[in-house]
Amino acid sequence: MSDGLENVVAAETVLSEVDGQAGRLIIRGRSLDDLAGRTRYEEAVHLLFGGFFSDLPPDLTRPLAEARVAVFAEVQALDARLLALEPIEAVRALIARLPDGDDLQTALRLVAAPAVFSAAVVRARRGDRPVPPDADLGHAADILRMLNGRAPSAAQAAALDTYLVTVCDHGLNASTFAARVTASTRAGLTSAVLSGISALKGPLHGGAPGPVIEMLDGIGAPENARAWIEAALARGDRLMGFGHRVYRVRDPRANALKAAVRRLSDASGQAPGRLAFAEAVETAALAILRERKPDRALDTNVEFYTALLLEALDFPPAAFTCVFGVGRVAGWIAHAREQLAGGRLIRPQSRYVGPAPTPLRAA
Ligand code: ACO
């Protein structure tokens, strides 16, 4: 048995390959370096969905915009009880109201839903009314408009596109595996997406970037980094944004997102102070992890620069996991369709290690 299914191949996929030794990510025959910063999210969704829906139109920009408009009606269900939950839990509850199905319309509404609901939840937590979608905008630009109530700059929309494309799919990560298990029972795409979100929200997976900001704020200045990190490790804490099950080198998504932070900062004309500080913390963290865990190759993962990028785009840290879901949902759906098309029910075995049955005493 492999603890945590490490190194177990549990599916064949045409969707993405994670090469943990080379630090390379391929999404449907394209390298991440060629996609990130050069592709809109709608194009990435099209790339992932190709071959999995017979009625896929050549351009998803308008159909996805119309799906955003359609799901906005569900935002009226956002009440005080849902707003008392964590943002990702409130978004999950709203998605759970959508009907199950396996068709393209269901799929597009599920891609639209985390975007529309995340913006509405963030605004409602600030006491602001939700902003309805604008069907004339691209997905990333409309998300920022629904979040802030004003049109974003081209650089901001491009930065969010880069993020969403960078995280749209990543092999058989925990949330995608959960989505495939659910899809394999033929429960429907909504159920598969809900399984994906539920697995994503944990701090070892998609819940890490919020705590990265807490770490940066806790450290405060580069000269405090070593002492803060050593104290955290001495307590037995893990450093959020570092380490990965598959990558034994730097996660290539970290570079794609760091470049996006730099482009955004250059476009705004602001000094990249926060980025320089984060780089100093990253350098200290990597040095200490190498000292402490020389046998385990621990490097920067996607979540470290996710935190910087989403912070620069004015998402509150409490909603970072929601934004991860906004991007990853396309991967979950494509994997669910792939599972349905060729896969059997996923039903592994367990080995019983409990006590032998005790005979019942006669009364
Ligand atoms: N900080 C400190 N120590 C770490 C870290 C870390 N971030 N990551 C792993 N380690 C240590 C573990 O304590 C363990 O040490 P030990 O052998 O002395 O007990 C060793 O490295 C191996 O760790 P595992 O838990 O076996 O590695 P696994 O492959 O299960 O974990 C994971 C991968 C969960 C991502 C882990 O590195 C981690 O917890 N990182 C921090 C959370 C994080 O950033 N998550 C986002 C990952 S990217 C994503 O999901 C999108």
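Counting starts at 1 for both ligands and their atoms, in listed order. We count residues from 1, following the sequence as given.
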Checklist entry - Checking side chain to side chain donor-acceptor pair (under 3.5 Å) for the pair R245/N173: CA distance, chi angles, key distance, verdict? => result CA-CA 9 Å; R245 173 62 62 81; N173 58 86; over 6 Å; no
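- Those atoms of ligand 1 with a heavy atom of A208 less than 4.0 angstrom away are 43 (C), 44 (O), 45 (N), 46 (C).
- Distances between N or O atoms of D237 and those of ligand 1 include no value under 3.5 Å.
- Protein heavy atom nearest atom 6 (C) of ligand 1, with residue, atom name and distance: L239 N, 3.6 Å.
- Between F324 and ligand 1 there is a heavy-atom distance shorter than 4.0 Å.
- Residues A112 and A67 share a closest heavy-atom pair of CB-C, 3.6 Å.
- With hydrogens left out, the protein atom closest to atom 28 (P) of ligand 1 is R245 NE, 3.6 Å, a heavy atom.
- A donor and an acceptor atom, one from each side chain of R24 and S31, are nowhere located under 3.5 Å apart.
- In this structure, G4 has no heavy atom closer than 4.0 Å to ligand 1.
- The minimum heavy-atom distance linking W332 with S175 is given by the pair NE1-OG, 3.0 Å.
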For a quick test of your reading: what N or O donor-acceptor pairs under 3.5 Å do the side chains of residues 114-123 make, sequence neighbours left out?
| unit_1 | atom_1 | unit_2 | atom_2 | d |
| --- | --- | --- | --- | --- |
| S118 | OG | P114 | O | 2.5 |
| R123 | NE | R129 | O | 2.6 |
| R123 | NH1 | L147 | O | 3.0 |
| R123 | NH2 | R129 | O | 3.3 |

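- Taking the ring centroids of F242 and F304, they lie under the 6.0 Å cut-off.
- Contact analysis leaves D295 out of contact with ligand 1, as no non-hydrogen atom separation drops below 4.0 angstrom.
- From the protein, the heavy atom lying nearest to atom 47 (C) of ligand 1 is N301 ND2, 3.5 Å.
- Contact annotation for atom 19 (O) of ligand 1: protein absent (non-hydrogen atoms, distance under 4.0 Å).
- Between H170 and Y247, the distance separating the two ring centers is shorter than 6.0 angstrom.
- In this structure, atom 42 (C) of ligand 1 lies nearest to the protein heavy atom M240 SD, 3.6 Å.
- For N301 and R253, the side-chain atoms include no donor-acceptor pair closer than 3.5 Å.
- Nearest to atom 32 (C) of ligand 1 among the protein's heavy atoms is R238 NH1, 4.2 Å.
- Between the side chains of Q339 and R180, at least one donor N or O sits under 3.5 Å from an acceptor N or O.
- In the model, H335 has a side-chain atom that pairs as donor or acceptor with a side-chain atom of D169 under 3.5 Å.
- On a distance-only criterion, G241 and ligand 1 share at least one N/O pair closer than 3.5 Å.
- Which parts of ligand 1 touch E303 is read off a 4.0 Å heavy-atom cut-off, strictly below it: atoms 46 (C), 51 (C).
- Atom 41 (C) of ligand 1 has its closest protein heavy atom at F242 O, 3.4 Å.
- Counting heavy atoms only, K293 comes closest to atom 16 (P) of ligand 1 of the residues R328, K293, R296.
- Residue contacts with ligand 1 for L204 involve both N, CA, C or O and side-chain atoms from C-beta outward (heavy atoms, distance under 4.0 Å).
- At under 3.5 Å, not a single nitrogen or oxygen of L289, backbone or side chain, sits near a nitrogen or oxygen of ligand 1.
- Side-chain contact check for E282 and T300: at least one donor-acceptor pair (N or O, by modelled atom type) lies under 3.5 Å.
- Near V302, meaning under 4.0 Å from one of its heavy atoms, ligand 1 places the atoms 51 (C).
- Proximity of a side-chain donor or acceptor of R145 to a complementary backbone N or O of P132 within less than 3.5 Å is detected.
- For L233, the heavy-atom gap to ligand 1 drops under 4.0 angstrom.
- Ring-plane geometry between F324 and Y163 is classed as perpendicular, the angle between the planes exceeding 60 degrees on a 0 to 90 degree scale with a lower cut at 30.
- Protein heavy atom nearest atom 35 (C) of ligand 1, with residue, atom name and distance: G243 O, 3.7 Å.
- Summary of contacts: the protein heavy atom closest to atom 9 (C) of ligand 1 is L298 CD2, 3.5 Å.
- Here the shortest heavy-atom distance to atom 49 (C) of ligand 1, taken over H205, E6, R292, belongs to H205.
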